[in-house]
Protein chains: 2
Amino acid sequence: MVSKNRTVTIKDVAEEAGVSKSTVSQYLNNRYEYMGLETRERIAEAVDELGYQPNIVARSLKQKTSTTIGVIVANISHEFSTQIVRSIEEYCNESNFHIIVCNAEDDPEKEKKYIEMLRAKQVDGIIVFPTSMNISLYQSLNLEDYPMVFIDRYVPDVKTSSIMLDNKKASHLAVREFVERGYKKIGIVTNSTENNVTPRIERIEGFIEAARVNGLIVKNDFIKGVEIEAIQAELEKMLFRPDPPEALLAGNDLTLFEILKFVKEHKMEIPKDLAVIGIDDVSFASIYDPELTTIGQPTSEMGKKAAELLLKRIKGDEVAFQDIYRFEPFIKRRSSC
Amino acid sequence: MVSKNRTVTIKDVAEEAGVSKSTVSQYLNNRYEYMGLETRERIAEAVDELGYQPNIVARSLKQKTSTTIGVIVANISHEFSTQIVRSIEEYCNESNFHIIVCNAEDDPEKEKKYIEMLRAKQVDGIIVFPTSMNISLYQSLNLEDYPMVFIDRYVPDVKTSSIMLDNKKASHLAVREFVERGYKKIGIVTNSTENNVTPRIERIEGFIEAARVNGLIVKNDFIKGVEIEAIQAELEKMLFRPDPPEALLAGNDLTLFEILKFVKEHKMEIPKDLAVIGIDDVSFASIYDPELTTIGQPTSEMGKKAAELLLKRIKGDEVAFQDIYRFEPFIKRRSSC
DNA sequence: TTGTAGGCGTTATCAG
DNA sequence: CTGATAACGCCTACAA
């Protein structure tokens, strides 16, 4: 294989093989139905003689498809996000699609810029953890019938398939567990609910609902949705007041982390001084002391489903449109509650 | 802004503004030096009248550059990998580059396939956690002068800039810490060293060296490089023999995980029954009980450096070629040793 | 069964 | 200051 320095194109192959460009193109796209065996061989030879590699950019331009999708993650620092991305990548790889990953950092401006950039790069579709703030942008994408799937979060006024955890159920599972273990004074801590990020809201709603169903009254002070940076202070208020909660549900990995940090710093003991359940089955749950009871999300199924829906839509397979795909959370009973 | 369904091209803008395509192109590329103010305004109007978005694929084809780089991760399940990727993404974003992330799963075939695919997509360069098994492929890329940077691992016969941790130093730090705390019987556990993955080998070498320097004799049985799946069995052998090691260095996050699991299952106490230090400053180190002493890598600097080197090279800025860039590990003294 | 010609959307060159 | 015109590498009618 003589590697010429210049990029070798279809034209070179054609010349080398003594056929025309189109014949080579046919060959490359496996349309050898009407092709002479001999030509076929000559082309094959020329191809690896020259070390020819197709230029996908040129192909994309012509075919208006890039076999690439974009994934815009709201906040990559959640373990959940990387698990989802991994799962999407895995599925795409099987279909020979590539993914471009972008981290919007919960910033609608950044999200918008990324969406525009990805479209400019002609990606065939996008999977978004939506910030919920770019509603008209999402809508205009829909108008154009641009393939898009939401994941983790749901945007009310936008008709786009959304892959979601059954967040209320997640809270229900946790609350029921608390109740079964005899805890009556329970609370929940999540990230800020300000930008109405669906999971947080639904988890809180589910929590309140479940408490009611189980005959518990939850003090408002025991329900906190605040910035990560403010959690320590909130915990201090909540746990050091008279009659504090006995059990706390962490809305996600990051809040769980903050709770554990607090507990540790204040030399409290889990579950004696405070019972804890975390939503998201964090990696260290089973080796933590005590082992952490968690509510897990089926991340791999969720990512796969998102990718599957998107690719099908891209390929034009009619899939029944469904507003929301809810996935079942599962409880991992360990010893923190 | 009337959104036509058809994709709007430079040609449409030109017609709308009553100028030629080339003029529009000039405008779009900020070359208005010689452009009449009035034309400029007309074009600007036309652009958002039509909601024009440039087609980067077409531009790529013409300019032979895609403002995209590929990142091939050897194994995405190490926290380290995702941190590096995040850091690369961050740097690239500032330069308006995008990244395509691929997970080779330590499989040379997959790595090869990805490299070819990325090249076909005309990415401007790649950052690779090399499997070390595709030497001739790496070499041929070098021959073509294709921009590439290695990270985490080093491939002896390939002249490519590599971003590395000073792995020996990492082991030295750990061993010295053990020694200072009075441990004499120490061991190390890493993943399999079979495919001569540099960090693992260097960490073991550094460990042995450091032991010697500190006047310790390390039993061969206390040095293990095995598959993750086999670690539990090895630990059993190592720790339940007469005269077992008092302290263990975990070669990375995954092995640390295995050690902690073992310790937990066998109700051992850290550091009383076994002192532990882990290379990689795992996320839960500070909330674990006991807090975990770790040797951290400056992942964010490392990722940034890799991206910086690659982008500079892509942009044609001459950067002094350097074989290996070594980064300093740091110790986080906590309570597991 | 193979070849010719034209076009995908941009940019670059060079006149005008 | 602006506009033809020709590429970039590939694909696809349609013609031969």
Side-chain angles (χ1 to χ4, degrees), chain A residues 4-44 46-47 50-68 116-117 119-124, chain B residues 4-44 46-47 50-68 116-117 119-124:
Chain A
K4 318 232 168 181
N5 205 338
R6 216 174 50 71
T7 60
V8 6
T9 79
I10 244 184
K11 189 177 160 209
D12 303 310
V13 177
E15 280 168 5
E16 176 80 17
V19 296
S20 83
K21 291 196 302 177
S22 19
T23 310
V24 177
S25 177
Q26 306 272 93
Y27 168 84
L28 293 172
N29 293 288
N30 301 319
R31 324 191 61 70
Y32 355 75
E33 308 153 22
Y34 302 120
M35 198 174 303
L37 183 64
E38 195 208 358
T39 355
R40 209 154 116 186
E41 280 168 350
R42 277 218 310 281
I43 297 177
V47 162
L50 270 39
Y52 169 78
Q53 296 274 156
N55 179 329
I56 297 192
V57 170
R59 178 186 300 168
S60 295
L61 178 59
K62 179 68 189 178
Q63 297 191 151
K64 294 159 160 329
T65 158
S66 57
T67 59
T68 304
E116 278 163 4
M117 199 62 185
R119 296 220 52 199
K121 282 205 171 155
Q122 313 296 112
V123 303
D124 298 334
Chain B
K4 318 233 168 179
N5 205 338
R6 217 172 51 72
T7 61
V8 7
T9 79
I10 247 185
K11 189 175 159 210
D12 303 313
V13 177
E15 280 166 6
E16 176 80 16
V19 296
S20 82
K21 290 196 304 174
S22 0
T23 309
V24 177
S25 177
Q26 307 272 94
Y27 168 84
L28 292 171
N29 293 288
N30 301 320
R31 324 190 63 69
Y32 355 72
E33 307 153 25
Y34 301 122
M35 197 174 305
L37 183 65
E38 194 209 357
T39 356
R40 210 153 112 187
E41 281 167 350
R42 279 219 308 283
I43 297 177
V47 162
L50 270 40
Y52 169 77
Q53 295 276 155
N55 179 329
I56 298 192
V57 169
R59 177 187 300 169
S60 294
L61 177 59
K62 181 67 188 178
Q63 297 191 150
K64 294 161 160 328
T65 158
S66 57
T67 58
T68 304
E116 278 162 4
M117 200 61 186
R119 297 221 50 198
K121 281 202 173 159
Q122 311 297 111
V123 304
D124 298 334

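Residue numbering restarts at 1 for every chain, and letters A, B, ... go by the order of the sequence lines.
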Q: Provide, to the nearest angstrom, the distance between the CZ atom belonging to A:R42 and the C1' atom belonging to C:dG3.
A: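 Distance check: A:R42 CZ to C:dG3 C1' gives 14 Å.
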Q: How long is the line joining CZ of A:R40 and P of C:dT1, in whole Å?
A: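 Computing the A:R40:CZ to C:dT1:P distance gives 11 Å.
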Q: Taking CD from B:Q122 and C1' from D:dC8, how many angstroms apart are they, rounded to a whole number?
A: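 These atoms are roughly 10 Å apart.
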Q: Send over the distance from B:E15 CD to C:dG9 P, rounded to a whole Å.
A: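 In whole Å, C:dG9 P and B:E15 CD are 13 Å from each other.
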Q: Closest approach of A:A17 and A:A46, non-hydrogen atoms and distance?
A: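 Minimum heavy-atom contact is CB-CB, 3.9 Å.
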Q: Taking all heavy atoms of A:T9 and all of A:Y52, pick out the closest pair and write down the distance.
A: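 Closest approach of A:T9 to A:Y52, heavy atoms only: C-CE1, 3.6 Å.
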Q: Under a 3.5 Å threshold, yes or no: a donor from one side chain and an acceptor from the other, between A:S25 and A:S22?
A: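 No, no side-chain donor-acceptor contact under 3.5 Å.
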Q: Do any of residues 54-61 of chain A sit with a heavy atom less than 4.0 Å from DNA chain D, and if so which?
A: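 DNA chain D contact set from residues 54-61 of chain A: A:P54, A:N55, A:A58, A:R59.
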Q: Between B:Y27 and D:dC1, does any side-chain N or O lie under 4.0 Å from OP1 or OP2?
A: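 Negative; the distance criterion is not met.
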Q: Pick the closest DNA chain D nucleotide for B:G18 and for B:Q63 by heavy atoms, then say which residue is nearer the 5' end.
A: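 Closer to the 5' end of DNA chain D: B:G18.
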Q: Quickly work out the B:R119 CZ to D:dG9 C1' distance and round it to whole Å.
A: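 It works out to 15 Å between those atoms.
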Q: Identify which nucleotide among D:dC11, C:dA12, C:dT2 has an atom closest to any side-chain atom of A:T23, counting heavy atoms from C-beta outward.
A: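 It is C:dT2.
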Q: Just how far, in rounded Å, is P of C:dG9 from CD of B:Q53?
A: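 Distance, rounded to whole Å: 14 Å.
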Q: Return the minimal non-hydrogen interatomic distance between B:R42 and B:G18, and the atom names on each side.
A: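 Looking at all heavy atoms of both residues, the shortest contact is NH2-O, 3.9 Å.
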Q: What are the atom names and distances for every N/O pair under 3.5 Å that joins the protein to nucleotides 4-6 of chain D?
A:
{"from": "D:dA4", "atom 1": "N7", "to": "B:S22", "atom 2": "OG", "distance (Å)": "3.2"}
{"from": "D:dA4", "atom 1": "N6", "to": "B:S22", "atom 2": "OG", "distance (Å)": "2.8"}

Q: What I want to check is whether the side chains of B:K121 and A:T68 have a donor and an acceptor closer together than 3.5 Å.
A: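 Judged by distance alone, the side chains do pair up.
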Q: Got a second to check how far A:I10's CD1 is from A:N55's CG, nearest 0.5 Å?
A: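 If we round to the nearest 0.5 Å, A:I10:CD1 and A:N55:CG are 10.0 Å apart.
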Q: Are A:V13 and A:L50 packed together at the side-chain level, in the sense that at least one heavy-atom pair is separated by less than 4.5 angstrom?
A: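 Sidechains of A:L50 and A:V13: in contact.
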Q: Specify the closest pair of heavy atoms between B:V57 and A:S60, including all atoms of both residues, with the distance to one decimal.
A: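 Answer, listing the atom of B:V57 first, then A:S60: CG1-CB, 3.9 Å.
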Q: Verify the contact: side-chain N or O of B:T9 to OP1 or OP2 of C:dC8, cut-off strictly under 4.0 Å; return yes or no.
A: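 B:T9 to C:dC8 OP1/OP2: no side-chain N or O under 4.0 Å.
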Q: Take atom CG of A:D12 and atom C1' of D:dC8, then tell me their distance rounded to the nearest Å.
A: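 The distance from CG of A:D12 to C1' of D:dC8 comes to 13 Å, rounded to the nearest Å.
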Q: In whole angstrom, give the distance that lies between atom NZ of B:K64 and atom P of D:dC10.
A: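 B:K64 atom NZ is separated from D:dC10 atom P by 9 Å.
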Q: I need the minimum non-hydrogen distance between B:S20 and B:A14, along with the two atoms involved.
A: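 Smallest heavy-atom distance, with atoms named: C-CB, 3.7 Å.
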